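Read the structure below first, then the notes.
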Amino acid sequence: MNSRWKNAVGLIVATALVVAAMSIFTVDQRQYALVFQLGEVKRVIDEPGLNFKIPLIQNVRYFDRRILTLDSDEPERFITSEKKNVLVDSFIKWRIIDPKLYYISVAGDEALARTRLNQTVNSGLREEFGKRTVHDVVSGERNKIMEQMRVRADADLRRIGVEIIDVRLKRVELPTEVSSTVFSRMESERKRVANELRSEGAAESEKIRADADRQREVIIAEAYRDAQKIKGEGDARAAAIYAAAFSQSPAFYAFYRSLEAYRGSFNNKGDMLVLDPASDFFKYMKTPGSSSDKAK
């Protein structure tokens, strides 16, 4: 009898332990938990801790509540307003904020959720890129595009219980076949600008050179004018001195002028002068004594 009683107690305890094990579950702080009863969501648990369920009737499914990343495997091709193709490499930061709505919308399948996110963001980017030029999408309005896409995608995807944290364009570049054309065009443009700058520099150089030449001519003319003025003043003063000297002693002045004439005529040994001996040119050489007396 005691043996049967012990077996029964052991069976009850084992059953109780199994039932307790099937009834108790824990929720991590990184998770949401949905409690289902016969396929219907009965509870949403968003706080970490120990929880209970009805065994065999209820089951639990967990969903990640952390920020997730959707990174495109290959760059997407978009067309700008200039009808040029660009390759865009982007990623999306998202998280589940309503696990019940998330389960109802995509059956809790993360692959389906990623597909929905990718389609929504790519559709929005295609529309935004179609409004802008290559320059705008590469640098001009890149931040504006990312912010607009975040807001639009977040408003759309909240309907499936998902929040969009960020949309980032990692890289925007031209396809290889377009890059060479654009590079050639940029090179031609740079050459054109360089030629314009060289032409402007040459014109400015000629202008500076012409102005310098003009100033040089003006300075030389003014210097020549001043020199002639000074020379004229000197000649006038010399003439005045000669006139004053002549008026004081005409004989001495005549004698001095004759000496100057002799000095100028016989400057070198080879100089030769053919004159009549009776010429007045030699009058001071004929009678130097009398001439000296006259000079006195």
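FYI, side chains are in, hydrogens and waters are out, and symmetry mates aren't considered; it's all heavy atoms of this structure. Please read these numbers as outputs of a predicted model, since none were measured by experiment.
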Among pairs that include at least one residue of [range], which meet side-chain hydrogen bond (donor to acceptor under 3.5 Å, both in side chains), considering only residues two or more places apart or in two chains?
{"range": "residues 35-45", "answer": "Gln37-Gln58"}
{"range": "residues 223-241", "answer": "none"}
{"range": "residues 163-172", "answer": "Asp71-Lys170, Arg95-Glu163, Asp166-Arg168"}

Donor-acceptor under 3.5 Å ([X] side chain, [Y] main chain):
{"X": "Arg150", "Y": "Ile92", "value": "no"}
{"X": "Ser72", "Y": "Asp89", "value": "no"}
{"X": "Ser123", "Y": "Gln119", "value": "no"}

When you compare the side chains of Thr115 and Asn118, does any donor N or O come within less than 3.5 Å of an acceptor on the partner? no
For the residue pair Ser23 and Lys53, confirm or rule out a side-chain donor-acceptor distance under 3.5 Å. no
How long is the gap from [atom1] on [X] to [atom2] on [Y], to the nearest 0.5 Å?
{"X": "Ile54", "Y": "Asn59", "atom1": "CD1", "atom2": "CG", "result": "11.5 Å"}
{"X": "Glu141", "Y": "Arg132", "atom1": "CD", "atom2": "CZ", "result": "4.5 Å"}
{"X": "Leu169", "Y": "Met146", "atom1": "CG", "atom2": "CE", "result": "5.5 Å"}
{"X": "Ser105", "Y": "Arg116", "atom1": "OG", "atom2": "CZ", "result": "7.5 Å"}
{"X": "Leu157", "Y": "Leu117", "atom1": "CG", "atom2": "CG", "result": "4.5 Å"}
{"X": "Ser81", "Y": "Lys131", "atom1": "OG", "atom2": "NZ", "result": "11.5 Å"}

Taking only residues two or more places apart in sequence, or in another chain, which ones meet [X] in a side-chain hydrogen bond (donor to acceptor under 3.5 Å, both in side chains)?
{"X": "Asp154", "answer": "Arg158"}
{"X": "Arg159", "answer": "Asp156"}
{"X": "Gln31", "answer": "none"}
{"X": "Glu189", "answer": "Arg192"}

Once salt bridge (charged side-chain N to carboxylate O under 4.0 Å, His left out) is applied, what residue pairs with a partner in residues 197-211 remain, sequence neighbours excluded? Glu206-Arg209, Asp211-Arg214
With hydrophobic residues grouped by side-chain heavy-atom distances under 4.5 Å, do [X] and [Y] end up in a single group?
{"X": "Val121", "Y": "Leu112", "answer": "yes"}
{"X": "Leu70", "Y": "Ile145", "answer": "yes"}
{"X": "Val60", "Y": "Leu34", "answer": "no"}
{"X": "Val44", "Y": "Leu101", "answer": "no"}

Name all pairs fulfilling the ring-ring contact (aromatic ring centres under 6.0 Å, His included) condition that reach into residues 57-91, sequence neighbours left out, sorted by first residue then second. Phe63-Tyr102, Phe78-Phe129
Filter on ring-ring contact (aromatic ring centres under 6.0 Å, His included), then keep only pairs touching residues 24-59, sequence neighbours left out; what's left?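 Applying ring-ring contact (aromatic ring centres under 6.0 Å, His included) to every pair that reaches into residues 24-59, excluding sequence neighbours, yields Phe36-Tyr103.
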Do Asp64 and Glu110 have side-chain heavy atoms sitting under 4.5 Å apart?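 Of all side-chain heavy-atom pairs linking Glu110 with Asp64, none is under 4.5 Å.
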Closest contact, heavy atoms only, [X] versus [Y]:
{"X": "Glu82", "Y": "Val134", "result": "OE1-N, 2.9 Å"}
{"X": "Asp28", "Y": "Pro48", "result": "C-CB, 4.0 Å"}
{"X": "Trp94", "Y": "Ile164", "result": "CB-CD1, 4.0 Å"}
{"X": "Ala33", "Y": "Val27", "result": "CB-CG2, 3.6 Å"}
{"X": "Met22", "Y": "Pro55", "result": "CB-CB, 3.7 Å"}

side-chain contact (heavy atoms from CB on, under 4.5 Å) partners for Arg216, two or more places apart: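 So Arg216 forms a side-chain contact (heavy atoms from CB on, under 4.5 Å) with Ile220.
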Atom CD1 of Ile24 with >12 non-hydrogen neighbours under 6.0 angstrom: yes
Within 6.0 Å of CD in Gln215, more than 12 heavy atoms from elsewhere: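 Above 12, so yes.
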Do Arg152 and Glu127 meet the salt-bridge criterion of a basic N to acidic O distance under 4.0 Å?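 Yes, charged N to carboxylate O under 4.0 Å.
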For Leu197, what are the other residues in its hydrophobic cluster, where any two members join if their side-chain heavy atoms are less than 4.5 angstrom apart?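 Taking Ile, Leu, Val, Met, Phe, Trp and Tyr as members, Leu197 shares its hydrophobic cluster with Val193.
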